[in-house]
Each structure stands twice: as structure tokens, then as C-alpha cells.
Number of protein chains: 2
Amino acid sequence: MKHESFNESIEMYLKTVSELAAGNDLAPISALAERLGVSTVSATEMVHRLCEKGLLDHTPYKGVSLTEDGRRRAQRVIRRHRLWECFLVDYLNLPWEKVHDYACRLEHATDTAVTEALAAFLNNPQTCPHGNPIPSADGAVTAVRDTALSDLQPGDHGTITRIHPESELLLDYLAARHILPGQPLEFEELAPFNGPLMIKIDGETHALGQEIAAHIFTEPAHDTL
Amino acid sequence: MKHESFNESIEMYLKTVSELAAGNDLAPISALAERLGVSTVSATEMVHRLCEKGLLDHTPYKGVSLTEDGRRRAQRVIRRHRLWECFLVDYLNLPWEKVHDYACRLEHATDTAVTEALAAFLNNPQTCPHGNPIPSADGAVTAVRDTALSDLQPGDHGTITRIHPESELLLDYLAARHILPGQPLEFEELAPFNGPLMIKIDGETHALGQEIAAHIFTEPAHDTL
DNA sequence: TTAAGGTTTTAGGTAAGCCTTAAAATAAAC
DNA sequence: GTTTATTTTAAGGCTTACCTAAAACCTTAA
Ligand SMILES: [Mn+2]
Ligand SMILES: [Mn+2]
Ligand SMILES: [Mn+2]
Ligand SMILES: [Mn+2]
């Protein structure tokens, strides 16, 4: 047991950088540390180690980004994660809001052969149950061009496409309110002073904070009524 | 990431003790160390830690055994392991001789909720693809009373029931020769001086060493020809 | 009963990933 | 340009799980 399997930390760092550095911006180490629940000092240390391994690039005082190697590695983990989510929801009937956490452990213990056999078994799904695209086996990512709810204007109509980044707390909150991918919504009004967004979904109006709204992505409604 | 998930070591120690201490004998630390691929010093250290946690009992110079707590914990891991093996073989069509290793990683990353949902999905199978019984959710183990091939006499007929303990090397060897559970066999003769057992399976005669024979379990043929 | 062989302990290390507290460097904002 | 906030370094520690080498200790069988 040489426990190389303890790349769990490494994989979580890479995955998190990939989530935070959407677009081409750098992910600040402080944000990394926060999401991973470690001190910024620890995160800085780990970032150094990962730079030495050629998985990250670090621009001091700015943030980190994935190298090509790191990106590939992160995509592989994300692929495994989202495939497991599909399996857990579609075949094991586990709750939509719980499978993210279950998959977050399985993703580090899954051989490539298992991953690809699972993908075939599932018929190569394109998105996870939360709407996020599943990278292909070669690490290619489908570009998404949906809009964060926080970027919409009052009066806009749309359909929820995905929740990103995911976390159990957030998914619990949304599941309890039936705020799920596929649901049409209407942005009724924006409370002043960075207040909540009043969003009508399924007949109910919800007050969603800015932070939550940034995690909900939408596409414009095809048929605006 | 407090990495409690690094109970992988603990779980592997418990599982291995459970395998080695079949019956009521004690598992020598040296045997533990050997199977786990660590030095005896390391194994001794770990045994001390596990005794403190109340998972093992250690009789110095004799060996270790599981406490009731340790036994339950080991059975849970074994249950997860064997359920995954069933899934990997039956649904993902992965090779019989490879799934043991794949499952050996998944077993440490599987939540109880996932385990039980998987068991239900699989229709609560009773044995793994290698013939070993799957402990029930409450930790109960089905007693097996089959006979190791190494305990048979020349002339005996039987059917292979299971391979135990499993290891990839052994399973590879057996799979290549179609020596699989369910196969009827005949013990033709025993070479002298602890020599190999000549075993006829599926028309072919194989010379199996004593060590391998101890891993192959059989039940007497119902209809002896 | 003594020597051999297996088992355990002791002593001294390594590496990964975490921690805290404190000081220094830098960027950003005023 | 100075202040303030963020980021990085430095320093010292901790835990788990591994390692080798050497000494000490049991058990057993000749
Ligand atoms: Mn994870
Ligand atoms: Mn998801
Ligand atoms: Mn294992
Ligand atoms: Mn098996």
C-alpha cells in the first residue's frame, strides 16, 4: 500500500482550480483555500507542490491556473464525477441533491477502465443530473454559453440549464424549492442595494440572494409568452 | 479536506485480518505485513494503533484477531467490495479477473447509502463473481462449508465453489485456464514431495501447486459418475 | 537446554498534508 | 504617495503511514 491513491488532495485542488478559473482568469489562492476548507498557508504550500509537478501555474499575488497537464487531469476527475452522478441518480435512485457528495469520493477511486465501461453502460450521457457537461474521454469540454441568473435583467424569462459550481448545501436548498434544471423561470424584480432577486418558478416566487443566483445558469426562453 | 477518508489503510488491515484469521486462529503480524506489502515493523505499529482504537486484539508473539467492532467494520468493507464486483462484471462487462482490483479501491469510497442502493439494484446477490459470500447489511456472514482443493484426496470429484483469498495474480492465472467457480473437476493424482496436484477440468489436466490449491474451494460432486 | 527462528521493540528517518502565529512583500484604493 | 488589505514567507508543530537497522525477546524443536 504505497497509497499513491492519496492523490485525493491533488485531484480536489485541480478540480477546484478548474471550477474557479472558468474563463481564463486566475483562481486566487484564497478562494481555493476557502472552497477546500484549508488555511491559505496550506493552500499556498500545496500550490507550490503542484507547480513543481507541472500541474499548476502560479502568478504571485494574482492566482493560479491549470497547465495543460493539470487541465487534462482535472477533466478526467470531473468526467468520473459526473458519470457517477448519472449512475447514482438514474440507476440507484439516490436523491439529486446527495449524489454530488457521494460522487466526490468515488471520483478518486475509479480506474480508467471502469470509467469508460460506465460511460458506455450509461450511453455516454452529455450532462450530469445538475446540468453540467461531461468532458469526453480525451479531455475535451463542451463549451457552454448560458447566462448566470445574476446577469439577467428583471423582466427576463429563461430556463434553468445547470447549477455550477455544485455543493451539497446549495443543492439541498434548491431541491427543497424545486429549483431544478429544465424549469422555466421569470425574473420578476431585483431588490435594491444588492438585494435578492425575486424569481418566479412553477407558480411560486422565491427571493434568491446574489450569491445563489451566480450559481444558477439559464438560457433565454425559446417561446416567450 | 480533513481526509478521514484515509481510513483506506485501516480498512485494508481489517479486511486482511478477516481473511487471514478464517476460523478462530490468530493472524500473525508477519502474514499481515506480507499480504499488505509493508514491513513487519510498520504492520506492528499499525496493529498497535488499531488495538488502541478497539478494532483489533493482539496476543504478542501469536497474532491478531478482530474485535466485534473490527469484525463489523471489516464485513462492511467486504460487502461493498463484493457488491461492486458484481456490478462491474454483470453490468459493466469488465473481466472477471480484473474487477477484484477495481473494487479494492471503490470499497473505501462508498457511502452506506450508495452500498445499500447498489445492493437493491443488483437484487441482493449472495456471492461475488468469484464465489465468495456477500455479508448482509447488518454484518452477518453466511457460513461456508466447502473444502479447499488442497484438502481433497486423489480420486475425489468436486465442483469449484469459490476462490479465496483473491488476488489479481491468482485470478489472472486461473482465468487463463478456465478454472472458475461452477466448473466440475477431478483430482487425478498428487505428485510426491509436496508436489503439484494434477487436476482435470473441462477435459484439460492442470498441475496446480499446493499454494494455489489452498485458494480453490470445492464441494463434493452431487452426481459422481 | 540450548540454539535457531520467528516476533517485537527501539531508535532514527522520510514524506504528504494539514495547522498556527508572525513578519514581510506587494497590490489596490484613496 | 500613503494607507490598507491581501498575499506570501518563515518558523515550528502535528498526525498518519511508511522505511531500515539493530537489539531484545519468546517459542520450539533438536
Ligand atoms: Mn472528491
Ligand atoms: Mn453534478
Ligand atoms: Mn481496498
Ligand atoms: Mn470477489
Side-chain angles (χ1 to χ4, degrees), chain A residues 1-17 20-21 25-65 69-70 73-74 77 104-105 107-109, chain B residues 1-17 20-21 25-66 70 73-74 77 104-105 107-109:
Chain A
M1 299 228 294
K2 272 293 129 48
H3 284 309
E4 320 78 11
S5 75
F6 209 142
N7 34 25
E8 176 164 352
S9 271
I10 293 182
E11 291 183 342
M12 286 307 284
Y13 271 87
L14 296 180
K15 213 179 79 158
T16 307
V17 172
L20 291 175
D25 355 294
L26 301 179
I29 289 185
S30 51
L32 243 189
E34 158 132 50
R35 287 215 107 223
L36 290 169
V38 301
S39 73
T40 58
V41 177
S42 297
T44 304
E45 278 178 358
M46 188 61 163
V47 163
H48 289 332
R49 277 194 288 269
L50 295 180
C51 285
E52 267 157 35
K53 285 190 207 286
L55 297 167
L56 288 183
D57 285 324
H58 182 210
T59 311
Y61 295 98
K62 293 304 181 126
V64 296
S65 60
D69 246 42
R73 186 97 179 259
V77 180
C104 195
R105 296 189 53 206
E107 68 191 353
H108 311 292
Chain B
M1 300 231 292
K2 271 294 130 46
H3 285 308
E4 320 78 12
S5 75
F6 210 146
N7 34 25
E8 175 163 355
S9 271
I10 293 182
E11 291 183 342
M12 286 308 283
Y13 271 88
L14 297 180
K15 213 179 78 159
T16 307
V17 172
L20 292 176
D25 354 294
L26 301 179
I29 290 185
S30 50
L32 244 188
E34 157 133 50
R35 287 214 108 223
L36 291 168
V38 301
S39 73
T40 59
V41 176
S42 298
T44 303
E45 278 179 357
M46 188 62 162
V47 163
H48 289 333
R49 279 194 287 269
L50 295 179
C51 284
E52 266 157 37
K53 285 190 205 285
L55 296 168
L56 288 183
D57 285 324
H58 182 209
T59 311
Y61 296 97
K62 293 302 183 127
V64 296
S65 60
L66 295 164
R73 185 95 180 259
V77 181
C104 195
R105 295 187 54 206
E107 68 190 355
H108 311 292

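Here is the naming used below: chain letters follow the sequence lines, and residue numbers restart at 1 for every chain. Because the structure is predicted, anything quoted here is derived from the model rather than measured.
- Residue A:His48 places no side-chain N or O under 4.0 Å from the OP1 or OP2 atom of D:dT8.
- Here the P atom of nucleotide C:dA25 and the CD1 atom of A:Ile29 are 18 Å apart, to the nearest Å.
- Here the C1' atom of nucleotide D:dT9 and the NE2 atom of A:His58 are 12 Å apart, to the nearest Å.
- Here B:Arg49 does not reach the OP1 or OP2 of D:dT16: none of its side-chain N or O atoms lies under 4.0 Å away.
- In this structure, the NZ atom of B:Lys53 is 9 Å from the C1' atom of D:dT16, given to the nearest Å.
- OP1 and OP2 of D:dT8 both lie 4.0 Å or more from every side-chain N or O belonging to A:Thr40.
- Computed from coordinates, the B:Glu34 CD to C:dT7 P distance equals 11 Å when rounded to whole Å.
- DNA chain D is contacted by both A:Ser30 and B:Ser39; A:Ser30 maps to the nucleotide lying nearer its 5′ end (nearest heavy atom per residue).
- One interatomic measurement links the two molecules: CE of A:Met46 to C1' of C:dA15, which rounds to 12 Å at whole-angstrom precision.
- The distance from atom CZ of A:Arg73 to atom NZ of A:Lys15, rounded to the nearest 0.5 Å, is 13.5 Å.
- Taking only side-chain nitrogens and oxygens, A:Lys62 never comes nearer than 4.0 Å to OP1 or OP2 of D:dT8.
- One can place CD of B:Glu45 at 11 Å from P of C:dT9, the figure rounded to the nearest angstrom.
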Base-contact (B) and sugar-phosphate-only (S) positions in nucleotides 21-26 of chain D, heavy-atom cut-off under 4.0 Å, - elsewhere: B---BS

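- Here the C1' atom of nucleotide D:dT16 and the CE atom of B:Met12 are 17 Å apart, to the nearest Å.
- One can place CG of B:Leu14 at 15 Å from C1' of D:dA17, the figure rounded to the nearest angstrom.
- Using a 4.5 Å heavy-atom threshold, the side chains of B:Leu36 and B:Met46 count as separate.
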